[in-house]
Amino acid sequence: MDVKKILADVEAKNPGQPLFLQAVTEVLETIEEYVAANPKYDHNKIIERMVEPDRIFQFRVEWVDDKGEIQVNRGYRVQFNNAIGPYKGGLRFHPAVTVDTLKFLGFEQTFKNSLTTLPMGGGKGGSDFNPQGKSANEVMRFCQAFMTELYKYIGPDTDVPAGDIGVGGREIGFMYGMYKKLARENTGVLTGKGRNWGGSILRPEATGFGGVYFVDYMLKKAGKDIKGKTVAVSGFGNVAWGAAIKATELGAKVVCISGPDGYIYDEAGISGEKIDYMDTLLQTRNNVVAPFADKYPTAKFFAGKKPWEAKVDIAMPCAIQNELTGEDAKLLISNGVQLVCEVSNMGCTAEAIHELQKAGIPFAPGKAANAGGVAVSGLEMSQNAYHLGWTAEEVDTKLKQIMLDIHENCVKYGEANGYVNYVKGANIAGFIKVADSMLELGVC
Ligand code: GLU
């Protein structure tokens, strides 16, 4: 495979899409050697086929705000690859959402879903709608308008959306209500549903829990223990919240959380009611973390700064893409960080990953470490198909096993000279299942 040529083609065909190019570059550079050793992939142009989404829907979403003004947003669904199962992936509502964002996320999702061991293809969608400052009724009207178009392209065996940034249980409820009405069926086409209407127990916690299970497996592999470790988590949303609960439960101390306005350092540790307060803050939908320091005297707020300047053992980016840069990685390394586990999608820049790997710090990519979220979505789909609900213990046992399998696969394909390159391991393991399926399914 000529990586340079394929990347040049991807760049030429997708102008102005740096995030998509970044995601593709990372994958191609790490699978190059494996693909070269297995010429069947090259002969069948598997890479060229994989970097092209199956299809992209773009649509107008019009709705009326509380003042009676008509608002127009853009909605999307990127159906990236369904070789191993129905398209599956979240919906992101964020003003910065473009087709580039959703193509990078859909591409990542294809590999992530493959790693979960469950039969799910890759997809992603969303809108440039900004939920911040909108009333509940405005959010409802937007979600309903969005679904009147999206419902045409999704279905329980076709494409199953879920939440992502800006889309939580409330938004899934508004969208599922409208889907049910339009499609006249109750088949669980969205995941992340409420417990009373088909949702899985532990789905809200799953991404954060899975991320911490992954950290635990990484530490064990390095002969270390999570107990007593200090942790910096970025963000204060659903993912950061789940990570804080599980990290605390396993004996670590979470000392940082953050928002777009800055970060909190709490030397007493963020546990118990402080974790509940993270959710309270999230529900205010102001997207600021500063009030945390007003409420808890041990917490300090650092305006406009990132948590990566704090001295911690473990860093877990849990917010948004490219939130940890090469400079941040250097700072973490100089402060003695022992492990970095990316729980946000593509949370670290290519430079940051390079710095960490160069320093021999174990680094896990989001597509492996945050796969617990979509994995429990897959379990929600199974429960819906069976028309039953599993207990928390059953779901948690399955989640732990899935994260362990992902970890083992990363080690299998990424370990060399005593260092596990989790990026390489995850990309190769994710690639093989999708690529072999495409080979078996023919050119279609
Ligand atoms: N948005 C989440 C992710 O990035 C969850 C997707 C899902 O549950 O389908 O994996």
Side-chain angles (χ1 to χ4, degrees), residues 19 23 76-82 84-94 97 101-127 150 154-169 171-172 175-176 188-194 198-211 214 235 237-243 317-321 323 342-347 364-384 395 398-399 402-403 406 426 430:
L19 294 171
Y76 307 89
R77 186 72 182 164
V78 178
Q79 295 184 336
F80 218 104
N81 187 305
N82 70 349
I84 65 170
Y87 304 105
K88 179 83 196 88
L91 298 169
R92 180 175 290 193
F93 292 169
H94 189 281
V97 161
T101 325
L102 300 174
K103 276 172 75 180
F104 115 66
L105 288 164
F107 183 73
E108 291 278 298
Q109 198 83 41
T110 303
F111 292 80
K112 181 196 311 195
N113 293 2
S114 163
L115 286 168
T116 64
T117 69
L118 302 174
M120 300 182 291
K124 203 87 188 189
S127 172
L150 183 71
I154 61 177
D157 296 309
T158 319
D159 184 352
V160 183
D164 197 85
I165 295 171
V167 178
E171 290 73 23
I172 293 290
M175 286 190 276
Y176 192 62
V189 73
L190 297 174
T191 60
K193 297 185 292 299
S200 172
I201 196 159
L202 285 190
R203 177 62 190 89
E205 293 87 349
T207 312
F209 278 23
F214 203 84
N238 166 262
V239 178
W241 167 81
C318 293
I320 201 162
Q321 68 267 7
E323 54 173 314
E342 181 185 76
V343 195
S344 41
N345 288 310
M346 210 165 75
K367 63 169 80 72
N370 75 24
V374 74
V376 174
S377 276
L379 302 180
E380 183 170 325
M381 288 164 72
S382 304
Q383 293 169 76
N384 292 160
V395 174
K398 288 182 169 64
L399 170 62
I402 288 170
M403 298 315 293
I406 297 175

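Each ligand, and each atom within it, is numbered from 1 in the order the structure gives.
Using a 4.0 Å cut-off to heavy atoms of Ser377, the atoms of ligand 1 that qualify are 7 (C), 8 (O), 9 (O). Each of the following atoms of ligand 1 lies closer than 4.0 Å to a heavy atom of Lys112: 3 (C), 4 (O), 10 (O). Of all atoms in ligand 1, listed by their number and element, those nearer than 4.0 Å to a heavy atom of Ala162 are 7 (C), 8 (O), 9 (O). Of all atoms in ligand 1, numbered sequentially from 1 with element shown, those under 4.0 Å from a heavy atom of Asn345 are 4 (O). Near Gly89, the atoms of ligand 1 lying under 4.0 angstrom from a non-hydrogen atom of the residue are 9 (O). The Lys124 neighbourhood of ligand 1 comprises atoms 1 (N), 3 (C), 4 (O), with distances under 4.0 Å to a heavy atom of that residue.
Heavy-atom distances between Glu108 and ligand 1 stay at or above 4.0 Å for every pair. Not a single heavy atom of Gly366 lies less than 4.0 angstrom from ligand 1. Heavy atoms of Met120 stay at 4.0 angstrom or farther from ligand 1.
Distance from atom 5 (C) of ligand 1 to its nearest protein heavy atom, with residue and atom name: Arg203 NH2, 3.4 Å. At the top of the distance list for atom 6 (C) of ligand 1, counting protein heavy atoms only, stands Gly90 N, 3.6 Å. Among protein heavy atoms, the minimum distance from atom 9 (O) of ligand 1 is reached at Lys88 NZ, 2.7 Å.
Contacts of Glu380 with ligand 1, taken as heavy-atom pairs under 4.0 Å, are absent altogether.
Asn113 places a side-chain N or O within 3.5 Å of a backbone atom of Gly121 that can act as its donor or acceptor partner.
When every heavy atom of Ala206 is checked against every heavy atom of Gly372, the shortest pair comes out as CB-O, 3.5 Å.
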